[in-house]
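Inspection log for the structure reproduced underneath, given as structure tokens.
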2 protein chains.
Amino acid sequence: MIQAQLQTQTRADEAFDCLQTAIVKGDLAPGEKIGEVELCSRLNLTRGPLREALGRLESRGLLVRRPHAGVKVVSVSAAELLELYRIREVMEGLAARQAAERMPDEEIRDLLATLDSHEKMIEEAQGQAYYQAEGDYDFHHRIATGSRNAKLAQMLLGDLYYMVRMYRYRLSTSAGRPHMALGEHRRIVEAIAQRDGELAEFLMKRHINAARKNIEKKIQEGVLTI
Amino acid sequence: MIQAQLQTQTRADEAFDCLQTAIVKGDLAPGEKIGEVELCSRLNLTRGPLREALGRLESRGLLVRRPHAGVKVVSVSAAELLELYRIREVMEGLAARQAAERMPDEEIRDLLATLDSHEKMIEEAQGQAYYQAEGDYDFHHRIATGSRNAKLAQMLLGDLYYMVRMYRYRLSTSAGRPHMALGEHRRIVEAIAQRDGELAEFLMKRHINAARKNIEKKIQEGVLTI
DNA sequence: CCTCTCACGATTGTCAACAATTCGACCTAC
DNA sequence: GTAGGTCGAATTGTTGACAATCGTGAGAGG
């Protein structure tokens, strides 16, 4: 069944996913110029589908492309990372509010259970940053889809998160605010469970704002240089 | 000079722009299935660049594509249009706030002058909806770029506005709130000129919220059926 | 010694043909 | 008469070769 799903996926889609994760994980360094033929041999396909994938990646802002000059991975400054968090603040605030209005009870229960398991994992793994980052990603992912706003979810999941994760991987998952973030997550979900959209939006905005300030502080301290 | 600009533009870009405007203007009806070979003959190019353009359009959400089944123009419901306005509310609110912090004085003066000329145009043309829509588009465009937030501007100008304009054209430019919107625009710019980001954000959010409610009302009245 | 020009190489953009898959129509069976 | 299956054609996905363009290096001139 899952094979059929993969089978219907075209090779351009495959290349798109592969390159996207490669960029996010940092396997392709930002600013790195990549040749098409080299990628073709590495991904086992020809330049037709590859160019289609490159076009889609460019459209999403992960690549920059100059005609006849080649494509290179987008290189973003620290200032731009902070700008991304400003956008996240308002968009995820909206997502939280709409999730409070529309998220089914079952999904909320699931989300709470996931928070519990994440909490256990983190306590057992003693601040294993990986689980924290993964849990954080999962949480925001669910809120976005829970908003039942298709375009909003698409913009968050398809555009912003990939760029944010790109930095996350590079900065070794920022690794700040160990389980403080989890408490904030829990309160946001509680507000959603109580169908208090205004509160959920406020808490989410504050949550992301805190994360942004944390990054800002680290940059000023010189810990993070991008 | 502009020729050189066009010359460096590749044929895929050309096709992309052409199709985008065609979709926005409604020349390609939503839900319409389009064949690749027909488009090729109409745009005078081969399927290689065309497919690249189609991929980019799909990535932006203007087309939906099922493998081996062809592409069709996205068809959106009235509910989804309202969701777009919810997103615009928070994102353009942020844009207004950041514009108040960063927009150069010269740009603000220019914007004010543009508002004046638009006001004259509208009074002379007695509610020619075209100028109103054009002026509205211009206004929001300038605020987005004025925010000096590259990603925010990209998302607004590259994603949301095209979808909104798609509806605008179809609904004969909604044609509501004749120069009431212009007054709201002026007050927003005044807040930006006074560098009052909080007020600018509030006014912008209210402005878009009013537009959304106006559309919502018309839909309920049955004037607009999408 | 520096700078400008020109040509070469490499890479990208484009094209036309081949293979794979889906949609529709027709036919058969119940 | 309807439901199911099968076959064919049209459309999409993919491939490899051709043409256009840019970056780089060498060479000549100042």
Between [N] ([atom2]) and [X] ([atom1]): distance, integer Å:
X	N	atom1	atom2	value
B:Arg51	D:dT15	CZ	C1'	12 Å
A:Arg11	C:dA20	CZ	P	11 Å
B:Leu50	C:dG13	CG	P	16 Å
A:His68	D:dT21	NE2	C1'	5 Å
B:Lys33	C:dC23	NZ	C1'	8 Å
A:Leu45	D:dG16	CG	P	11 Å
B:Arg47	C:dC15	CZ	C1'	12 Å
A:Leu54	C:dT14	CG	P	14 Å

Any carboxylate oxygen within less than 4.0 angstrom of a Lys/Arg side-chain nitrogen, looking at [X] and [Y]?
X	Y	answer
A:Glu92	A:Arg212	no
A:Glu83	B:Lys151	no
B:Glu32	B:Lys72	no

(message) Heavy atoms from C-beta onward define the side chain here; which of D:dT14, D:dG23, C:dC23 lies closest to that of B:Ala69?
(response)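 Nearest listed nucleotide: C:dC23.
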(request) Would you mind telling me which of D:dT12, C:dC15, D:dG16 lies closest to the side-chain atoms of B:Thr46? (result) C:dC15
(message) If the cut-off is 4.0 Å, is B:Thr10 near the phosphate of C:dT14, judged by side-chain N/O to OP1 or OP2?
(response)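 For C:dT14, OP1 or OP2 has a side-chain N or O of B:Thr10 closer than 4.0 Å.
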(message) Please determine whether a side-chain nitrogen or oxygen atom of B:Arg66 lies at a distance below 4.0 Å from atom OP1 or OP2 of C:dC23.
(response) yes
(request) Using the six-membered ring wherever Trp is involved, compare the ring planes of B:His140 and B:His185 and label them parallel, tilted or perpendicular (cut-offs 30° and 60°). (result) perpendicular
(request) Remember a base hit wins even if backbone is also touched, and classify B:Gly48 as base, sugar-phosphate or nothing at under 4.0 Å, heavy atoms. (result) nothing
(message) Could you tell me if the side chain of A:Lys213 sits less than 4.5 Å from the side chain of A:Lys217, heavy atoms only?
(response)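 They are not in side-chain contact.
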(request) Tell me which of B:Glu36 and A:Pro49 sits closer to the 5' end of DNA chain D, going by the nucleotide each one is nearest to. (result) B:Glu36
